[in-house]
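For reference, the structure discussed in these notes is given below.
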Amino acid sequence: MLDLHIHLLGHNDREANRENIRAFLDEASRRGLKEIGFADHDYYWEQMNFPLICEVAQEYPNLAVRIGLEAEYRPNEEDRIRNLLDQYPFDYVIGSVHEIAGWVFDIPEEEPKHHQKDADDLYREYFSVVTQAAKSGLFTTIGHFDLIKVFGVRPTSEVTTLADEALTTVAEHGLVLEVNTNGRYKPIQEFYPEKCLMEEIKRRGIDFTLGSDAHCAGAVGRDIDEASELLRQIGVRSVIGFRNLDKLSYTLK
């Protein structure tokens, strides 16, 4: 299958050199993936080496290696992102929201604040920023759609209702939502998005892609087979890969 959320640089704790690139591609090959996509965080831009990834990828003729970017969306910073995207012909671009009004909400130190806030308001604020990201026209994909649940805080309202405008905007702009398996290894201990959202996404005809959010080679493809099976169970028949910003469809078998 495919894994389009891979961080070669991790949290900027390694170099984009041949040895490290091969480690990720070796693991992808071992797991039988058809397509892998490197999408490092945009704030490590100066450390990226896209030409070297493409060069090393030629050693793996049975693996489609894509170049993406995970761009941190903040309102009023569209020009910053657009400037980055103009500098390289990316295959896809993941738009992710990790901040609300300057609050980086998904780091462990911020967990207590989640429990102090009104959960419904927290979700509304988060999905409002996701909606703006989807409207921006900058992205092919929205990453870890319900990341706000990371520390296990649940709203009293239906999450599908709180996410309605964001989902509507994603559908209107033809964006793809990922099943991100990394949530299983966070306090919430479940994939992003949760199953009821997956079912709503499917009902609305929005496409899915798959990503492990791997920050080390050993996590490439982690739980992707299980995520694929979960999608099959709710009636999804295919997932999306990318090449030159065009969608490629992969049948779920």
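Side-chain atoms are counted along with the backbone in the values below, which use heavy atoms only and exclude waters and symmetry mates. All residue numbers refer to positions in the sequence shown, counting from 1. Predicted model, so just to flag it, every value in this text is computed and none were measured.
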Nearest heavy-atom pair of Ala166 and Val130: which atoms, and what distance?
CB-CG1, 4.1 Å
Begin with the C-alpha distance, continue with both residues' side-chain angles, and end with the deciding distance and a verdict on side chain to side chain donor-acceptor pair (under 3.5 Å) for Glu72 and His98.
CA-CA 7 Å; Glu72 176 66 37; His98 300 89; 2.5 Å; yes
side-chain hydrogen bond (donor to acceptor under 3.5 Å, both in side chains) partners for Glu190, two or more places apart:
Lys149, Arg154
Considering residues at least two apart in sequence or located in another chain, which fulfil the side-chain hydrogen bond (donor to acceptor under 3.5 Å, both in side chains) criterion with Arg222?
Asn182
Begin with the C-alpha distance, continue with both residues' side-chain angles, and end with the deciding distance and a verdict on side chain to side chain donor-acceptor pair (under 3.5 Å) for Ser136 and Arg82.
CA-CA 10 Å; Ser136 70; Arg82 191 172 291 109; over 6 Å; no
Quick one: does Phe191's side chain get under 4.5 Å of Met198's, heavy atoms only?
yes
I'd like to check Arg237 versus Leu252 (side-chain heavy atoms, cut-off strictly below 4.5 Å). Are they in contact?
no
Shortest non-hydrogen contact from Ala171 to Ile206?
CB-CG1, 3.9 Å
Check ion pair Arg203-Glu199 (N to O, under 4.0 angstrom)
no
Please step through side chain to side chain donor-acceptor pair (under 3.5 Å) for the pair Tyr73 and Asp42, ending with a clear verdict.
CA-CA 10 Å; Tyr73 181 81; Asp42 58 342; over 6 Å; no
Closest contact, heavy atoms only, Ile142 versus Ala133
CD1-CB, 4.4 Å
Within the side chain of Asp146, is there an N or O that forms a donor-acceptor pair under 3.5 Å with the backbone of Glu194?
yes
Does some side-chain heavy atom of Val93 sit less than 4.5 Å from a side-chain heavy atom of Leu85?
yes
Polar side chain donor-acceptor pair, Asn17 to Asn20, under 3.5 angstrom:
yes
Among Thr141, Thr131, Leu175, which residue satisfies the side chain to side chain contact (heavy atoms under 4.5 Å, CB included) criterion with Val170?
Leu175
Can you confirm whether or not the ring centre of Tyr92 sits under 6.0 Å from the ring centre of Phe139?
no
Would you tell me whether Ser96 and Glu70 have side-chain atoms, one donor and one acceptor, within less than 3.5 Å of each other?
yes
Any donor-acceptor pair under 3.5 Å linking the side chain of His7 with the backbone of His5?
no
Does any donor atom in the side chain of Glu178 or Tyr192 lie under 3.5 Å from an acceptor atom in the other side chain?
no
Are any side-chain N or O atoms of Asp120 and backbone N or O atoms of Pro155, one a donor and one an acceptor, separated by less than 3.5 Å?
no
Whether the side chain of Ser128 engages the backbone of Arg124 through a donor-acceptor N/O pair (distance < 3.5 Å, no angle test) should be reported.
no
Note: Glu19-Arg22 ion pair, threshold 4.0 Å (strictly below):
no
Looking only at heavy atoms, the pair that brings Met1 and Leu210 closest together is CG-CD1, 3.4 Å
Any heavy-atom pair between the side chains of Val56 and Glu59 that's under 4.5 Å?
yes
Can you say whether the rings of Trp103 and His114 are parallel (under 30°), tilted (30 to 60°) or perpendicular (over 60°)?
tilted
Please report the shortest heavy-atom distance between Tyr60 and Ser29, naming the atom on each side.
CD2-OG, 3.6 Å
By side-chain hydrogen bond (donor to acceptor under 3.5 Å, both in side chains) - contacts of Thr161 (at least two apart)
none
Does the side chain of Asp118 pick up a donor-acceptor pair with the side chain of Tyr123 at under 3.5 Å?
no
Is a donor on one side and an acceptor on the other found under 3.5 Å between the side chain of Asp40 and the backbone of Leu9?
yes
Looking only at atom types and distance, does a side-chain atom of Asp91 sit under 3.5 Å from a main-chain N or O of Arg243, one as donor and one as acceptor?
no
Examine distances only and state if a side-chain atom of Asn49 and a backbone atom of Leu52 form a donor-acceptor pair shorter than 3.5 Å.
yes
Using every non-hydrogen atom in the two residues, find where Phe151 and Pro187 come nearest and quote the distance to one decimal.
CD2-CG, 3.7 Å
Would you check if Leu248 and Glu35 make a side-chain contact, meaning some heavy-atom pair closer than 4.5 Å?
yes
Report yes if some heavy atom in the side chain of Thr209 is under 4.5 Å from a heavy atom in the side chain of Tyr250; otherwise report no.
no
Closer than 3.5 angstrom, by distance alone: can the side chain of Arg14 be matched with the main-chain N or O of Leu8 as a donor-acceptor pair?
yes
